[in-house]
Amino acid sequence: MEKKISEEKNERSLNFLEEIIEKDLRNNINEGRVHTRFPPEPNGYLHIGHAKSICLNFGLGKKYNGKTNLRFDDTNPVKEDVEYVDSIMEDVRWLGFDWEDRLFYASDYFEQLYKYAVILIQKGKAYVCDMSAEEISETRGTPSRPGKESPYRTRSVEENLDLFTRMRAGEFPDGSKVLRAKINMASPNMHMRDPVLYRILHATHHRTGDKWCIYPMYDFAHGQSDSIERITHSICTLEFEVHRTLYDWLIREIGIYAPRQIEFARLNLSYTVMSKRKLLELVQQKKVNGWDDPRMPTICGLRRRGYTPESIRTFADIIGVAKRDNVIDMSLLEFCIREDLNKRSNRIMAILNPVKVIIDNFPEGRVEEMEAVNNPEDETKGKRHVPFSRELFIEREDFMEEPPKKFFRLFPGGEVRLRSAYILKCESVIKDLQKGEISEIHCTYDPETRSGMPQSNRKVKGTLHWVSVNHAVEAEVRLYDRLFSKENPDDAEEGKDFKDYLNPDSLKVCKGYLEPSVKNALPGEKFQFERLGYFIVDKDSTNDHLVFNRTVTLKDSWTRLEKNQ
RNA sequence: UGUCCGAUGGUGUAACUGGCAACACGACUGACUCUGGAUCAGUAGAGUCCAGGUUCGAACCCUGGUCGGACAACCA
């Protein structure tokens, strides 16, 4: 009994969407049905903000034993493309969600939508307007000043019907006429000031081809599409809150099923931008290398960066949902991927900034195979062999001639553990006077301290990773960091814009020396480079030119300590 | 000088719907460690935008402010 109580306490409390849904369920609003949808426009790539929405919609569907549709809101042929349709489906699937046989397109409903428009005209609730876009805009008024009624507002039902039919038939050029709802030009809600319902667009649609030359506006398609699909809960972002009045009006006037729209605050992430327009700008101006550049917050970018679907789902779960504006710390996303990869990725050793160590008392030409644990978090991942020889690379940062306090790494006279190998002592240093840097570190090793041997338990402060010089596999390593150096790049100073805050160090390419076990690693494979971070084999990688992307560094309490000193 | 929405540690989300503010990330200690990782233990940090009111009792309810956001595309 006590246990049950504590279990109940541990249960996560409901978010406001779940609360609304459960209330509707209790009141038997939709005969117990829960049906959601994810409705992207195929005009760009999905990003982490969409991932939040996808997880929300599909998650809710699953939680309440309901269904979730994938519907493309493809009402604007000039901006949309099958390229985006394909990438969106790939991304949703990759995230781990399944719309089963419920793949829909707003364009599937064009005929039905047209009939709805005719109903409105017949009821005297819509009219054909001949004003230009500029005139319509000028007469709309401002949020605090009412608009002016269109001179075409009083056309007869017959004339409107005739004109609308001819619009569809292609008798009029683009922009010459629109169909407008007849609501209220003085409404305090701008969206109720006779909004445009249909426009003439002689454009080829990616699905309907040239069948139509009039296309419904989003506002005339979205709500009705939800209605047609009998969506119970239309979950969308905050900016559509003001549109809800219009959707409700349309649905009431047409006389069809009314879904319930609920708005939530979109995701914002620190050190990046999330608007499609801005992401497109980065791509077009080649500030990044395409939509799937690993620095992009796009799903395909994150995938290429090495993020897992699980980590993104965890992230979506952990950030919660509410209606207030929010900026999530990038460090939370990083936490999610570290947590996931720590448990699942195998470890290897790689040196990214090498300095040579020569072990003077290790026989020349001798090679020992060291046994290394693949993943200390998961014994089932087994072990591998790593060749050890007289000449090794270690990281240049792991050696200091004059070490500060608490420096646990190598320094003259000091000892360190070489991971999965021997204890090493630094005897002397050879410097390249021209370059002013160390060229060789001469050491001795203690043969009794090989990992696993009785003497190997000797306490040494630090452990270094290493790679045998003669066995090292070279690779291109792309070190990624946050795309922007400003926490909120959108918040630009006078005369600047978000691009002025791009982090110049967001990508550094270096040559890495890796242990030979990764020689045949395939694109998509993930590893932890011990003490450095998590890395994924990039799609650019080939057999004779390995390429790795750094997903995220390991948590590093040393550089933090160093900074604070 | 419009309409709508929102306001809880640095960040995000909770608070069993009115019962002395919790969880996660982050930060900081320390233990442990053949990854300065992981793990474990712990600390600091908000008195809930402000002012009134209702109530035995308010983060939750009411009133009035303040601040922030959204809305004026033949975009979605």
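First the proteins, then the strands, lettered A, B, ... as listed; each starts at 1.
Spacing of C1' atoms, B:G53 relative to B:G10, comes out at 34 Å, to the nearest Å. On the C1' atoms, B:G42 is 26 Å away from B:U48, given to the nearest whole Å. Between B:A46 and B:U54, the distance separating the two P atoms is 30 Å to the nearest Å. Comparing B:A21 with B:G57, their C1' atoms sit 15 Å apart, to the nearest whole Å. For B:G6 and B:A59, the C1' atoms lie 15 Å apart once the distance is rounded to whole Å. Atom name C1', nucleotides B:G64 and B:C23: the rounded distance is 34 Å, in whole Å. To the nearest whole angstrom, the two P atoms, one in B:G36 and one in B:A44, are 30 Å apart. Nucleotides B:A14 and B:C28 are separated by 24 Å at their C1' atoms, to the nearest Å.
The side chain of A:Glu239 has B:A70 as its nearest neighbour among B:A70, B:U33, B:C75. Taking the side chain of A:Asn15 as heavy atoms from C-beta on, and the options B:A14, B:G12, B:G26, the nearest nucleotide is B:A14. Residue A:Asn326 places its side chain closer to B:U13 than to any other of B:A73, B:U13, B:G69. Across B:C25, B:C71, B:C75, the shortest atom-to-atom separation from the side chain of A:Glu41 is found for B:C75. Listed nucleotides B:A76, B:G12, B:C71 differ in distance to A:Asp73; the shortest reach to its side chain belongs to B:A76. Closest approach to the A:Ser137 side chain among B:G69, B:C25, B:A73 is made by B:A73 (side chain taken as heavy atoms from C-beta onward). Closest to the side chain of A:Phe240, from the set B:A76, B:U17, B:C71, is B:A76.
Between A:Leu14 atom CG and B:U13 atom P the separation is 16 Å, expressed in whole Å. Between the CG atom of A:Asn268 and the P atom of B:A70 there is a distance of 10 Å, given to the nearest Å. Note: NE2 (A:His222) to P (B:A76) measures 12 Å, nearest angstrom. Atoms CG (A:Asn488) and P (B:G10) sit 18 Å apart, rounded to a whole Å. Computed from coordinates, the A:Leu56 CG to B:U13 P distance equals 12 Å when rounded to whole Å. Between the C1' atom of B:U33 and the NZ atom of A:Lys459 lies a distance of 8 Å, rounded to the nearest Å. Atom-to-atom, NZ of A:Lys148 to C1' of B:A72 comes out at 14 Å; the value is rounded to the nearest Å. In this entry the distance linking CD1 of A:Ile319 with P of B:C23 reads 21 Å, nearest Å.
Between A:Arg458 and A:Glu448 there is no salt bridge, since none of the side-chain N atoms of the basic residue sits less than 4.0 Å from a carboxylate O of the acidic one. A:Asp226 and A:Arg260 are not joined by a salt bridge, as no carboxylate oxygen comes within less than 4.0 angstrom of a charged side-chain nitrogen.
Within the 4.0 angstrom heavy-atom criterion, only backbone atoms of the sugar-phosphate kind lie near A:Val321; the bases stay farther away. Nucleic acid contact for A:Met185: none, since no nucleic acid atom lies under 4.0 Å from a heavy atom of the residue. A:Val327 comes within 4.0 angstrom of sugar-phosphate atoms only, judged by non-hydrogen atoms across all strands, and of no base. Residue-level contact check: A:Met349 touches neither bases nor backbone, having no heavy atom under 4.0 Å from any strand. Using a 4.0 Å heavy-atom criterion, one finds that A:Gly44 contacts no nucleic acid atom at all.
Heavy-atom distances to RNA chain B give each of A:Val178 and A:Ser144 a nearest nucleotide, and the one nearer the 5′ end belongs to A:Ser144. Across the interface with RNA chain B, nearest-nucleotide mapping of A:Gly141 and A:Phe335 shows A:Phe335 to be the residue nearer the 5′ end.
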Between the protein and nucleotides 35-41 of chain B, list the N/O to N/O atom pairs that are separated by less than 3.5 angstrom.
| residue | atom | partner | partner atom | Å |
| --- | --- | --- | --- | --- |
| B:U35 | O4' | A:Glu530 | OE1 | 3.4 |
| B:U35 | N1 | A:Glu530 | OE1 | 3.3 |
| B:U35 | O2 | A:Gln528 | OE1 | 3.0 |
| B:U35 | O2 | A:Arg531 | N | 2.8 |
| B:U35 | N3 | A:Gln528 | OE1 | 2.6 |
| B:U35 | O4 | A:Arg347 | NE | 3.3 |
| B:U35 | O4 | A:Arg347 | NH1 | 2.8 |
| B:G36 | OP1 | A:Arg531 | NE | 3.4 |
| B:G36 | OP1 | A:Arg531 | NH1 | 2.6 |
| B:G36 | O3' | A:Ser557 | OG | 2.9 |
| B:G36 | O2' | A:Ser557 | N | 3.3 |
| B:G36 | O2' | A:Ser557 | OG | 3.1 |
| B:G36 | N7 | A:Arg409 | NH1 | 2.7 |
| B:G36 | O6 | A:Phe408 | N | 2.8 |
| B:G36 | N1 | A:Lys406 | O | 2.6 |
| B:G36 | N2 | A:Lys406 | O | 3.2 |
| B:G37 | OP1 | A:Ser557 | OG | 2.9 |
| B:G37 | N2 | A:Glu377 | OE2 | 2.8 |
| B:A38 | O2' | A:Asn342 | ND2 | 3.4 |
| B:A38 | O2' | A:Glu377 | OE1 | 3.2 |
| B:A38 | O2' | A:Glu377 | OE2 | 3.1 |

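At a cut-off of 3.5 Å, with distance as the only test, a side-chain donor of A:Asp556 or A:Thr559 sits close to an acceptor on the other residue. A side-chain donor from one of A:Tyr45 and A:Glu83 sits under 3.5 Å from a side-chain acceptor of the other.
At the phosphate of B:C16, neither OP1 nor OP2 sits under 4.0 Å from any side-chain N or O atom of A:Ser13. In this structure, A:Arg140 does not reach the B:G2 phosphate: none of its side-chain N or O atoms is under 4.0 Å from OP1 or OP2. Taking only side-chain nitrogens and oxygens, A:Arg277 never comes nearer than 4.0 Å to OP1 or OP2 of B:C75. For B:C5, the OP1/OP2 oxygens have no side-chain nitrogen or oxygen of A:Arg266 closer than 4.0 Å.
Seen from the ring of A:Tyr127, A:Arg155 does not count as a face-on cation partner, given the 6.0 Å and 45° thresholds. Taking the ring centre of A:Phe498 as origin, the terminal cationic atom of A:Lys278 falls inside the region bounded by 6.0 Å and 45° from the ring axis.
The strand RNA chain B forms stems, runs of 3 or more Watson-Crick or G-U wobble pairs with distances below 3.5 Å, at B:2-7 with B:66-71, B:10-13 with B:22-25, B:27-31 with B:39-43, B:49-53 with B:61-65.
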- Task: Before giving the answer on ring-ring contact (aromatic ring centres under 6.0 Å, His included), spell out for A:Phe408 and A:Trp558 the whole-Å C-alpha distance, their side-chain angles and the decisive distance to 0.1 Å.
- Result: CA-CA 10 Å; A:Phe408 299 158; A:Trp558 167 244; 7.4 Å; no

- Task: Might you work through the side chain to side chain contact (heavy atoms under 4.5 Å, CB included) test for A:Leu238 and A:Asp325, ending with a clear yes or no?
- Result: CA-CA 9 Å; A:Leu238 250 28; A:Asp325 294 335; 4.2 Å; yes

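Checked options A:Tyr114, A:Tyr198, A:Phe110; the residue passing with A:Tyr215 is A:Phe110 (criterion: ring-ring contact (aromatic ring centres under 6.0 Å, His included)).
For the pair A:Pro40/A:His50, no side-chain contact is recorded, criterion being any heavy-atom separation below 4.5 Å from C-beta on. Contact annotation: the side chain of A:Tyr513 never approaches that of A:Met349 to less than 4.5 Å [non-hydrogen atoms, C-beta and beyond].
Aromatic pair A:Phe240/A:Tyr218: centroids less than 6.0 angstrom apart.
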